[in-house]
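The next block holds one structure in the form of structure tokens; read it before the comments.
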Amino acid sequence: MAAWLRSGIRLPLALGIALLVAYPLVFGSAYHLRVLTVAGIYALMVLGYHFIFGHAGALALTQGAFFGLGAYVTGILGSQLAWSFPATFALSIALPVVLAALIALPVLRLESHYFALATLGIAQVLLLIAIKWEGLTGGPNGLSGVPPVVLFGAVLPNGWPMLLLVWGVVAAGAALAWQITRGLTGRAFHLMRDNPLAAQAVGLDIGRLRLAALLLGAGYAGAAGALYVHTLRIISTEVLEFPVMVACLTMAVVGGRTRVAGAILGAVLLVHLPEWLRFLDRYYLIAYGALLLLMIVIAPFGLIGALERWRTRRWPEPAPTPPAPLPLRRPQLRAVDRGTKLLEARGISQRFGGVRALNAIDLTVGHGEIVGLIGPNGSGKTTLVNVVTGVYRPDAGAVVLAGQAITGHAVHAIARAGIARTFQTLNLVDDMTVLDAVAVARRGKTRRGTPRITLARAHGEAIALLGELGIAEHATRRCGGLAQGVKRRVEIARALALEPRLLLLDEPAAGLNPTEQRDLAARLRTLAAGGLSLLVIEHNMAFLMPLATRMVCLDHGQVIAEGSPDTIRRDARVIEAYLGAEARSA
Amino acid sequence: MSLIQLLINTVALGAAYALVALGFVWVLNATAAVNFSHGDLVMAGGFATLALAGWLAPLMPGGVPGLVLLPLVVIAMAGVGLLVSLLAYFPLKDRPPVAVFISTIALGIVLANGATALFGAEPRATPPLLQSGFLELGGVIVGRQALAVIVVAALLIAGQHVLFAHTQLGRKLRATAQDRAMAAALGIPVTLMIALTFALATALAGAAGLLLSHSFFVTPSDGLNYMIKAYIAVTIGGWGSLLGAVAGAFLIASFDVFLPGLPALVPALGALPGADWLFSQTVASIVLYVLLLAILVLRPHGLFGEAVQRRA
């Protein structure tokens, strides 16, 4: 128990919870209870905002609008039609979720600055409608006579009953948020917000993750809005105005945008800030803005994040024991399949403006083959990999994997279909551990009808893969602090975690010393012997020549030579492409 | 109100919005980040005009014309722009652009509430550029302020064009906006150029505040409205495009002026049931936002494509 409490920031968190419980017991005035109730309502909204803003990393400016919509649903149905609490509460959650689903289709695919503007525009439209549609909303004057919460026949007035209800909902919401984000899904969000391309390449459907985050957030905000009008007992357009959104954003930033405790801390602090800054009189809102500015500059991970980092720096904890390895069972390649076609790309052409990057390329990779792809810089090697993996949709041609056409499929779908890749420029997230970086690729591997792969199991499988690549001892370190050669192998381990049939490696030997290169080549050969097919882009011929079973040379977007490493070595056109015409005549 | 009057009002408003949008785009291009306090800087320009007019009032008992205040406001706001870059941009320049988005939201809160504390929340009007009132030109009655706004805004837009297109400083600023790393490699002091960009953009915003706050008044909460207008203008006009921003500004101004002005132009419309409701500023804004969303859905990179090239 004591050891459990000492790990991480559990001790200060336990202290914080104790303080939060003690606070209303000590300052029990109606006024204090009300302020704390409002803090709980904001905490609920911020908990929801964490999904889209914190975890998915999208600056959505609709959370205030979802809150306002939830508030209006309860306000109008409660005060005008005298609907019961269970009905209005359920609708207050459902309607914002429906609105979120409606706007998701056009809005979610927009890039950051358009996304922020579009969401801001939607929020403004809702506000203007509330102002203008006086018959329904009471316009700027609003509606009064919102009933209190009535639950199982008992009226819950403001004060202790409402306080307990609100914080009960906060506790449930916090538990749900923690449950959703603590496992592989939380890691998937982390990879997706810091490196969307890498996330897709390990089979994560980032569009779906973003959608889930937006809908969840809308539900939380709707619930918070409903509780807000039950507390205020009146409703006006104020609930839809921009300051609500700004308050929510500020709380998320100040507390820490991916931590449950951060949402609660941010809300409690900022709701009480006007009280504590009362001596500043009318200048307190200036202090509010200044605080937000200060926090974003000095503590980008919020107070909870700063606390976690301070703890790790001041009292570093011993590295956790890595889990026991759980080796993946790879199906062995049948002897009859060896050498038959796995990947077939036919007539691939790709243009970028006036540049013809690929021109009617044919490429095949057989089962268990190691194909070396070479060519001068700019010859189209990486473009070809990007076409095969779905990053680019080719202007012409077809890509077929084991008889199935995959041309133009989404990147994550192709990754799940069995093509894994590494990147020429490393695509790891610096503050993720090696274990998490590899484990996250297991998320998409749950088979239909079986329970989702747990974090613990994914960690076990990850450590087994790290062992296969000889880097198990780095498992608990963060990716940012690793040597180049180790990073390359972490990326390969991550790609292998997809259990691919074909592995595309873009310059895997870059940054490796000769010993590491020999070691890597031996490990790749073992994988190929087990039935994995490899396509390796490399400039380092000393590494590639002995490794490859067949080689393809590109120049100016065309295949200029193909054959065994020995043939390629002597091919006049390859020599010319690399060294220029003079070299041949010399 | 005649068509010509509406047109002149539209051009005046569009020219002022263009100043706002241009400043927004310059910062956007130089930093790749959205300055969300830009609208609040327009508002601050309005209040700076009021404050300066108050200070100069003893010297000019007949009222200080806006034209006299303009250079002072521009200089003061340029200073504010340097401050904005120091507080909200430079500490975050190596972080994702969203950090600057949030830091400038924070700065906007400080500006808006600072203005409330100093000037109160009531709408205030800045002095006219020369004189208020109307003027008869060839049988058409036009507002003096609207004409003056058009002339001043046109001069300022032309001035910034000359600066950017024909001076060495302008070339350095443009190089910084196009490719920061390359500009730095060529020995251009990039940090200084970015700071200057903030100063220039904020000076333009301040000038727009002076021009707009006579006819439309200024309140501390105006920032968001101007911010959204500039943001929309730039999105419609093509992210990063100067010409597009100006075009977008005029498009938005015509929404603001024409839809509420329609009943005056076509009296039959005013007689329709619910005309007051329909031909209002609020409905014009709703239509504008919905139009913006439609454009984003159909053309996710703006009406005229993006001028900012992304690197793969």
Side-chain angles (χ1 to χ4, degrees), chain A residues 53 57-59 61 103 105-107 109-118 120-129 131-134 193-194 241-243 245-246 249-250 252-253 280-298 300 352 382-383 386 391-392, chain B residues 28 32-34 36-37 87-88 90-92 95-114 116-118 120 221 223-225 227-228 231-232 234-235 239 277 280-283 285-294 296-298 300-302 306 310 312:
Chain A
F53 173 64
L59 184 59
L61 297 175
I103 64 171
L105 193 65
V107 164
R109 65 195 177 111
L110 297 173
E111 284 181 53
S112 60
H113 42 259
Y114 293 133
F115 179 73
L117 174 63
L120 179 60
I122 289 162
Q124 290 296 305
V125 168
L126 237 57
L127 170 64
L128 293 175
I129 290 175
I131 292 172
K132 206 64 188 154
W133 199 349
E134 287 187 27
R193 71 170 175 270
D194 282 1
E241 279 167 15
F242 197 56
M245 182 65 242
V246 169
L249 179 69
T250 308
V253 170
L280 289 177
D281 195 22
R282 55 195 176 147
Y283 295 97
Y284 96 83
L285 273 167
I286 304 177
Y288 196 100
L291 181 71
L292 175 60
L293 184 59
L294 190 70
M295 285 302 297
I296 193 87
V297 171
I298 64 168
F352 298 110
T382 300
T383 305
N386 281 336
V391 177
Y392 302 141
Chain B
L28 178 72
V34 166
F36 204 83
S37 66
L87 289 174
F90 284 116
L92 300 166
R95 295 244 213 98
V98 80
V100 176
F101 203 110
I102 297 167
S103 74
T104 49
I105 288 180
L107 202 66
I109 300 174
V110 173
L111 285 169
N113 292 292
T116 311
L118 292 173
S221 57
L224 184 65
N225 181 38
M227 179 62 233
I228 296 179
Y231 210 143
I232 295 177
V234 171
T235 300
W239 202 245
W277 187 88
S280 64
Q281 207 68 61
T282 312
V283 171
S285 294
I286 294 179
V287 173
L288 178 64
Y289 295 153
V290 171
L291 184 79
L292 163 81
L293 291 172
L296 283 176
V297 170
L298 299 174
H301 294 290
E306 297 206 5
R310 242 184 292 273

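Proteins get letters first, then strands, A, B, ... in listed order; numbering begins at 1 in each. Please read these numbers as outputs of a predicted model, since none were measured by experiment.
For B/Leu111, no part lies under 4.5 angstrom from a heavy atom of chain A. For A/Val253, the part lying near chain B is the side chain, with the backbone staying farther off; criterion is any non-hydrogen pair under 4.5 Å. Interface residue A/Ile129: backbone and side-chain heavy atoms are both found under 4.5 Å from chain B. In this structure, the portion of A/Leu249 lying under 4.5 Å from any heavy atom of chain B is its side chain and not its backbone. Heavy-atom distances place no part of B/Leu288 under 4.5 Å from chain A, backbone and side chain included. When heavy atoms are compared at a cutoff of 4.5 Å, A/Leu120 approaches chain B solely by way of its side chain, counted from C-beta outward. A/Val246 touches chain B through its side chain: at least one heavy atom from C-beta onward sits under 4.5 Å away, while N, CA, C and O do not. Only the side chain of A/Phe53 comes within less than 4.5 Å of a heavy atom of chain B; its backbone N, CA, C and O stay farther away. For A/Leu293, the parts sitting under 4.5 Å from any heavy atom of chain B are the backbone and the side chain alike.
The shortest non-hydrogen separation linking A/Ile286 to B/Gly114 is CD1-CA, 3.5 Å. Nearest heavy-atom pair, A/Arg109 versus B/Leu296, reported as atom, atom and distance to 0.1 Å: NH2-O, 4.3 Å. Between A/Gln124 and B/Ile228 the shortest heavy-atom distance is CG-CD1, 3.5 Å. Listed here is the closest heavy atom pair of A/Pro106 and B/Val297: CB-CG2, 3.0 Å. Across all their heavy atoms, B/Ser285 and A/Leu128 have their closest contact at CB-CD1, 3.5 Å. What you find for A/Leu292 and B/Ile109 is that their closest heavy atoms are CD2-CD1, 4.3 Å.
Residue A/Leu59 holds its CG atom at 6.0 Å from CD1 of B/Ile105, rounded to the nearest 0.5 Å. Note: A/Leu117 CG to B/Phe36 CZ = 8.5 Å, rounded to the nearest 0.5 Å.
When each of B/Thr116, B/Leu224, B/Thr104, B/Val34 is scored by its heavy-atom pairs under 4.5 Å with chain A, the top score falls to B/Leu224.
Partners of B/Leu293 by side-chain contact (heavy atoms from CB on, under 4.5 Å), not counting sequence neighbours, listed by chain and number: A/Ala118, A/Ile122. A search for side-chain contact (heavy atoms from CB on, under 4.5 Å) contacts involving B/Ser221 returns B/Thr219, not counting sequence neighbours.
Residue A/Leu105 qualifies as open at atom CG: its count of foreign heavy atoms under 6.0 Å is 12 or below.
A donor-acceptor contact shorter than 3.5 Å links the side chain of B/Tyr231 to the backbone of A/His113.
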